[in-house]
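This one's a predicted model, so the numbers in the text were calculated from it and none came from an experiment. In what follows, chains carry the letters A, B, and so on, assigned in the order in which the sequence lines appear, proteins first and then strands, with residues in each chain numbered from 1.
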Amino acid sequence: MQQGCRNSQKCDQYISFNDQPSPQMVSSDQLPKNYDFSEVEERWRNTWRDEDNFFDPNSKKPQFVIDTPPPYPTGNFHIGNALNWCYIDFFARYKRMKGFNVMFPQGWDCHGLPTEVKVEELHNITKNDVSREEFRKMCRELTEKNIAAMRITLRKMAFSTDWSNEYITMTPKYYSKTQLSFLRMLASGYIYQSEHPVNYCTRCETAIAFAEVSYDDRETQLNYFDFDGVEIATTRPELLAACVAVAVHPGDDRYHKLKGRTMKVPLFGHDVPVVQDEAVDPAFGSGAVMICTFGDKQDVHWWKQHNLDLRKAIDRQGKMTAIAGKYQGLDTTACRKAILDDMKAQGILHRQEKLAQRVGTCWRCKTPIEILSERQWFVKIKPDEIQKAAHQITWYPEHMLRRMENWVDQMEWDWCISRQRIFATPIPVWFCRKCGEMAVPDEKDLPCDPTLTKPKHPCRKCGSTEFEGEVDVLDTWMDSSISVLNVTGWDGNGNPPYFPAQIRPQGHDIIRTWAFYTILRSVAITGSKPWDQILVNGMVLGEDGFKMSKSRGNIIVPEEILVKYGADALRQWGAMGAATGSDIMFNWNDVVAASRFQTKMWNITKFALIQLEKGGFDKNTEVTALADRWLLVRLSDTIEAVSKAMEEYQFDVALKAIREFAWDVLADNYIELVKGRLYQQDGSRAGACLALHTAFDSLCRMLAPFIPYFAEECYSYLNPGQSVHKQPWVSFTYDDDAARKEGNTLVQVVAEVRKYKHDNNMALNAPLGKVTIYAPHSVNDEGDTGRTINANVHWRTDVAKLDRAITDIEFNRSVVGKTFRKDAQAFMDAVKALSPAELEKPPKTIRINGVETEIPADAFTPKFSYMEEGAKVDVLTVGDVIVTIAKK
RNA sequence: GGGCUCGUGGUCUAGUCGGUUAUGACGUCGCCCUUACACGGCGGAGGUCGCCGGUUCGAAUCCGGCCGGGCCCA
């Protein structure tokens, strides 16, 4: 049996992380009885300095640059943001403790429609009522106000933001980079303009990208009507004016005669060709479809494939155009009704059926999108390039990579980046009024608003100085998809100094947008992947398991939790709720449990302080008692498990392990075992003080990334003037297999004795007589066991010599009574008369009143008593350990 | 319709490259105010691990099918 720490070399590490231990601790009577989170959190918030979190460009430490998500400045930091930021802060703090030069920037993704709508609402105007510049100013002012409000929440949450690396996409400093990236991609051929069908929201009056289209299930009518002698089914009769062909399946015998013909469009009278295409489903409707420009994506396909005419029947406002003849100016719904009415009047509408269909809608306003052909700007999508980079990135959790693969695989059109809005980064381009040639600004003249300025050089083609500035602006994803280039220091001169970033944390809802666009643009501009790793977080669902929404009334805002339970409790909820990447239900229970853990830890802190201030703590103490060694080895196990989990971003696993160690191992078992020894004044305290101090110090460090306020508060009592956030991550290791095994047994023995007392209606502190523990090895417990169970404990390594005797027989009266009726008593007497050997192994039959009678099953059970050295004892067993308790 | 993901006591959840009585939290019931903590401690009750079939000495775990939820996309 090994005594003491058998690995003195590793034990030395304890010393290395604690230069100035206990002498200047705060006195325990200065600790408040209860932990007041609001007082503590505010105090530390006012004490900590922003500079401590700054990325140091001159540092020799390895860099850890985080490409944090720039939230949309709505003014409210919502709980989904909070979860995401919790994850970021956990590993940002962890990496700092591990010796990395961490950059935890804070961006703000300002541009976009929601702010425009809000400004119109607040000022009771529409965007056309004031100048573009005036409108932008209003948007900027609102955004600044919102950012200020959100910064406050970020600080309350104790996020260790690097405020020296804050960026705001609407500032000239930032959007000149957006424009620079535009010019570079224009020059390298990634960006082009073209007239091409695009998704268009007629309410927002702007083009949108596929990533911004969501889908709604609706019910519509399928209308069967006579189309120049052929029955055709359509859900969109209002597009009849835009009909450019009729398509049938080449193998459809019904329509062989149509081959090569042209047909006359009803109501409008123009002639259209009949085309054959495999993609026509002969089973749908009548098997003949009309192709319009454009009813859906399939129409675009056919239109390209068969080189058809372009007939624009719907304009940017969603109104019918001149080619719609008498229907011009109607919106699509009114036009549909009018055309159906006219079809009925002409008797060509055969019948109508209900049809469930999925329509594409604008993800912001839910208006069904139209596909319009417009001159727009596009970014070329090169799927292979993106797939390659995506596969060079480590995905957490790994399966989120599938989302990216699937999205890239089914991209059909290029990314439409032009928007017909105002509050956004201007597209830095002019067109010559005379010849139409494009002109771009010099890079040094960025940022540039072409609607307010003129090019410095005449037209390179015709020499004219008359230019028209591009009024379209850029998709906001053009701003945010260079966040990584911005934070890694890109300025257009070569590769950015800190590129690629180490990690991108983000939600799975924006894999197809932010992650996709960022990879695309990093590859286009630098030729390589933007980050080493990507950590994808889940969505926060309401307590009812549904997505939080106003209509369900299940929204929980972080501020509410901060007021009731504080930032640390909210942060624990974030860590514990679910595995990283899974959706997580909000749950007040978890917040309450988190708060209780802090109460428990607070009491542990008080206990530790009370014991350590009595003196007796010496870091050079040799640890010999089993309980002390057990605590250290369990601590070492915990540190190893927690460190491993942190490296893999498994915060739930990490925090669970910390909590279990603190509550179960340290508080409920270790402290209960050694408190008696600590109350004494002899030298046996020293080992316990060292173990307690080591465990407490390590707990503070491991908790620091999760609950920074609480960890700092606890740590400050034992180490006044020092911040736990400037300490290195715990590296303590302690190797002692015997202590782990024997200590676990010891804990189980104590638990069994407690249960024994409970079963015997004894108080847990009731005294027992002599207790003998027969263990295979000798144990030095320094009297801990005896004091804990309040008994005179003897440890022995020999084999217990116990005599078993049957003291009583318990009869199963329902069996005995039913079987023997009036002979029951005689049966029981006969059983009692059996010899002890017969009782242990009962015969099949027994003689009752002179008759040999069968003994029924389960009729009786013998009760045993044990004798040890002539005295009656009770016996407990824990594995190969036998415990005897002398009966009084 | 396709892809991904999940289905474990009342609720939430751990465990899932097969192996002894399935983890913990909340709730619930009983006992206990023992000089850190009653915002606590100790103990108990409560589960056909979605359903069916297969592989195996052995399946919550592997395979197949089905049912149901969620997300992404047609």
Going by atom type alone, with no hydrogens or angles, which donor-acceptor pairs under 3.5 Å involve a side-chain atom of residues 652-666 of chain A and a protein atom two or more places apart or on another chain?
unit_1, atom_1, unit_2, atom_2, d
Arg659(A), NE, Gln572(A), OE1, 3.1
Arg659(A), NH2, Gln572(A), OE1, 2.7

Which atom pairs link the protein and nucleotides 67-69 of chain B when you take only N or O atoms and keep those under 3.5 Å?
none

Checklist entry - Looking across every strand, which nucleic acid part, if any, lies under 4.0 Å from Glu672(A) by heavy atom: base, sugar-phosphate, or nothing? => result base
Checklist entry - Is the Phe651(A) ring parallel, tilted or perpendicular to the Phe706(A) ring (thresholds 30°, 60°)? => result perpendicular
Checklist entry - Where do Glu672(A) and Asp668(A) come nearest, in terms of heavy atoms and distance? => result CG-O, 3.1 Å
Checklist entry - Base, sugar-phosphate, or nothing: which does Ala667(A) touch, judged by heavy atoms less than 4.0 Å apart? => result base
Checklist entry - At under 4.0 Å between heavy atoms, what does Ile511(A) touch on the DNA or RNA strands: base, sugar-phosphate, or nothing? => result nothing
Checklist entry - Just how far, in rounded Å, is C1' of C39(B) from NZ of Lys564(A)? => result 17 Å
Next on the checklist: I'd like to check the side-chain hydrogen bond (donor to acceptor under 3.5 Å, both in side chains) partners of Tyr87(A); sequence neighbours left out, ordered by chain and number.
Outcome noted: none
Can you tabulate the close N/O pairs, meaning under 3.5 Å, that link protein atoms to atoms of nucleotides 42-44 of chain B?
unit_1, atom_1, unit_2, atom_2, d
G44(B), OP1, Lys755(A), NZ, 3.3

Next on the checklist: Taking side-chain contact (heavy atoms from CB on, under 4.5 Å) as the definition, give me every residue that meets it alongside Gln305(A), ordered by chain and number, with sequence neighbours left out.
Outcome noted: Asp277(A)
Please list, for nucleotides 24-27 of chain B, all pairs of protein and nucleotide N/O atoms separated by less than 3.5 Å.
unit_1, atom_1, unit_2, atom_2, d
C26(B), OP1, Arg596(A), NH1, 3.4
C26(B), O2', Asn589(A), OD1, 3.2
C26(B), O2', Asn589(A), ND2, 3.0

Checklist entry - Any side-chain donor paired with an acceptor under 3.5 Å for Asp628(A) and Tyr670(A)? => result yes
Checklist entry - Quick one: does Lys606(A)'s side chain have a donor or acceptor within less than 3.5 Å of a partner on Leu31(A)'s backbone? => result no
Item to check | Least distance between heavy atoms, Trp413(A) atom then Ile381(A) atom | outcome: O-CD1, 3.6 Å
